[in-house]
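Below is one structure, written out as structure tokens; the observations come after it.
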Amino acid sequence: CLQLAKAIEGTLAGPAVSLADLVMLAGAHAVWQCNGPDILLRIGRPDAPGPDPEGRLPDENSSAALLKANFADKGFSARELVALSGAHTIGKHICWTTGEEGSPRSGCVTRPQGNKGFGGPYAFDNTYYKELLKKPWTNTKDSMASMIGLPSDHVLPDDEELQPIIQEYAKDQEAFFKDFSAAYVKLSELGIR
């Protein structure tokens, strides 16, 4: 983002586009590059003077109730929580040591293609929801099963309010894309000037 910020410095876009804008635009572009929806965003986010306070994002070990409360505090519905969680469909597991920064863990094993267990690491689709309903992390015959997703993913399909939304998105990718796009735009506009 810093390279892009330097590239637009001195242009008409320079004063209008913040680093926060570039981060949100990069996220929307990544979704599109992975065959997800094309998300149109406004610019005008202020750059934060420092890091976010602790607890702004829910902990990865949060219960469904805590996730819903955290998102509700920011004005998001349970449906928007489930839609935004669908972003976990893309990405890869990376194994790092805790003691030596930048060093791969010796003997580290990753899932096939390095994915998190929700389909291909570069495919933005509704596989996340299909896999949530299967609960592959409970497979006792797979030694890597617990590495599929985050604990906060695991609690979603067991919640009475969230499960019907997950079932809908598992069946209807277009509904997921539509709701994800709207929720991402809403997320991107928190704090916009």
Side-chain angles (χ1 to χ4, degrees), residues 1-2 4-5 8 13 16-92 116 118-119 121-132 149-157 159 161-170 172-193:
C1 282
L2 292 176
L4 187 52
I8 63 171
V17 179
S18 67
L19 292 175
D21 287 329
L22 293 176
V23 169
M24 292 307 296
L25 291 166
H29 184 71
V31 166
W32 177 78
Q33 280 289 122
C34 292
N35 297 314
D38 191 5
I39 304 169
L40 301 177
L41 300 173
R42 294 182 352 179
I43 57 171
R45 288 159 202 80
D47 286 329
D52 283 341
E54 285 294 317
R56 181 152 188 215
L57 289 176
D59 182 84
E60 70 180 42
N61 294 305
S62 294
S63 66
L66 284 173
L67 290 168
K68 290 190 292 186
N70 184 284
F71 275 70
D73 287 348
K74 294 166 187 64
F76 289 94
S77 68
R79 186 173 192 84
E80 290 166 323
L81 159 64
V82 174
L84 288 170
S85 295
H88 294 179
T89 197
I90 56 175
K92 294 168 61 166
K116 298 181 311 248
F118 297 129
Y122 306 113
F124 192 92
D125 56 24
N126 65 340
T127 301
Y128 172 77
Y129 302 105
K130 294 174 184 178
E131 292 301 315
L132 282 183
L150 298 169
S152 58
D153 293 316
H154 302 175
V155 299
L156 299 179
D159 184 88
E161 182 180 10
L162 304 180
Q163 188 184 52
I165 304 165
I166 294 167
Q167 290 170 333
E168 178 186 347
Y169 292 162
D172 188 348
Q173 182 168 283
E174 289 307 311
F176 162 51
F177 280 11
K178 178 179 171 277
D179 290 352
F180 178 84
S181 296
Y184 189 86
V185 168
K186 183 175 176 177
L187 176 68
S188 78
E189 292 180 354
L190 290 177
I192 201 167
R193 54 180 179 242

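- Residues satisfying the side chain to side chain contact (heavy atoms under 4.5 Å, CB included) criterion with E168, sequence neighbours excluded, are R79, A175.
- At least one donor-acceptor pair closer than 3.5 Å links the side chain of R45 to the backbone N or O of S188.
- Other residues, nucleotides and ligands contribute more than 12 heavy atoms inside 6.0 Å of the NZ atom of K74.
- Listed by first and then second residue, the ring-ring contact (aromatic ring centres under 6.0 Å, His included) pairs involving residues 40-75 amount to none (not counting sequence neighbours).
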Evaluation steps, side-chain contact (heavy atoms from CB on, under 4.5 Å), between L156 and S85: CA-CA 9 Å; L156 299 179; S85 295; 4.0 Å; yes

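- Aromatic ring centres of F177 and Y184 lie farther apart than the 6.0 Å criterion allows.
- For residues 40-69, no pair satisfies ring-ring contact (aromatic ring centres under 6.0 Å, His included), with sequence neighbours left out.
- Evaluation of the side chain to side chain contact (heavy atoms under 4.5 Å, CB included) rule for S181 yields P37, I39 as partners, not counting sequence neighbours.
- Checked against side chain to side chain contact (heavy atoms under 4.5 Å, CB included), K186 has the following partners two or more places apart in sequence or in another chain: F76, E80.
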Test side-chain contact (heavy atoms from CB on, under 4.5 Å) applied to E174 and K178, step by step: CA-CA 6 Å; E174 289 307 311; K178 178 179 171 277; over 6 Å; no

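- Among residues at least two apart or in separate chains, there is no side-chain hydrogen bond (donor to acceptor under 3.5 Å, both in side chains) pair with a member in residues 24-37.
- Here the OG-NE2 distance, from S63 to H154, works out to 14.5 Å after rounding to the nearest 0.5 Å.
- Partners of Y129 under the side chain to side chain donor-acceptor pair (under 3.5 Å) rule, at least two apart in sequence or in another chain, do not exist in this structure.
- Counting all heavy atoms, side chain and backbone alike, A28 lies closest to L41 at CB-CD1, 3.9 Å.
- Remark: side-chain polar atoms of D179 are not paired, donor with acceptor, to backbone N or O of A83 under 3.5 angstrom.
- Distance CG/L84 to CG/L67: 12.0 Å, rounded to 0.5 Å.
- Counting only residues at least two apart or on different chains, the salt bridge (Lys or Arg N to Asp or Glu O under 4.0 Å) pairs with a member in residues 54-66 are D52-R56.
- Qualifying side chain to side chain donor-acceptor pair (under 3.5 Å) partners for Y128, counting only residues two or more places apart in sequence or in other chains: D153.
- K130 is linked by a side chain to side chain contact (heavy atoms under 4.5 Å, CB included) to N126, A170, counting only residues two or more places apart in sequence or in another chain.
- No side-chain donor-acceptor contact under 3.5 Å links D21 to the backbone of I43.
- Going from atom CD1 of I166 over to atom CG of L132 covers 5.0 Å, rounded to the nearest 0.5 Å.
- Applying the salt bridge (charged side-chain N to carboxylate O under 4.0 Å, His left out) test to D159 and every residue at least two apart in sequence or in another chain returns K68.
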Intermediate values then yes/no, side-chain contact (heavy atoms from CB on, under 4.5 Å), N70 and L81: CA-CA 10 Å; N70 184 284; L81 159 64; over 6 Å; no

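- We find the NE2-OG1 distance between H88 and T127 to be 15.0 Å, quoted to the nearest 0.5 Å.
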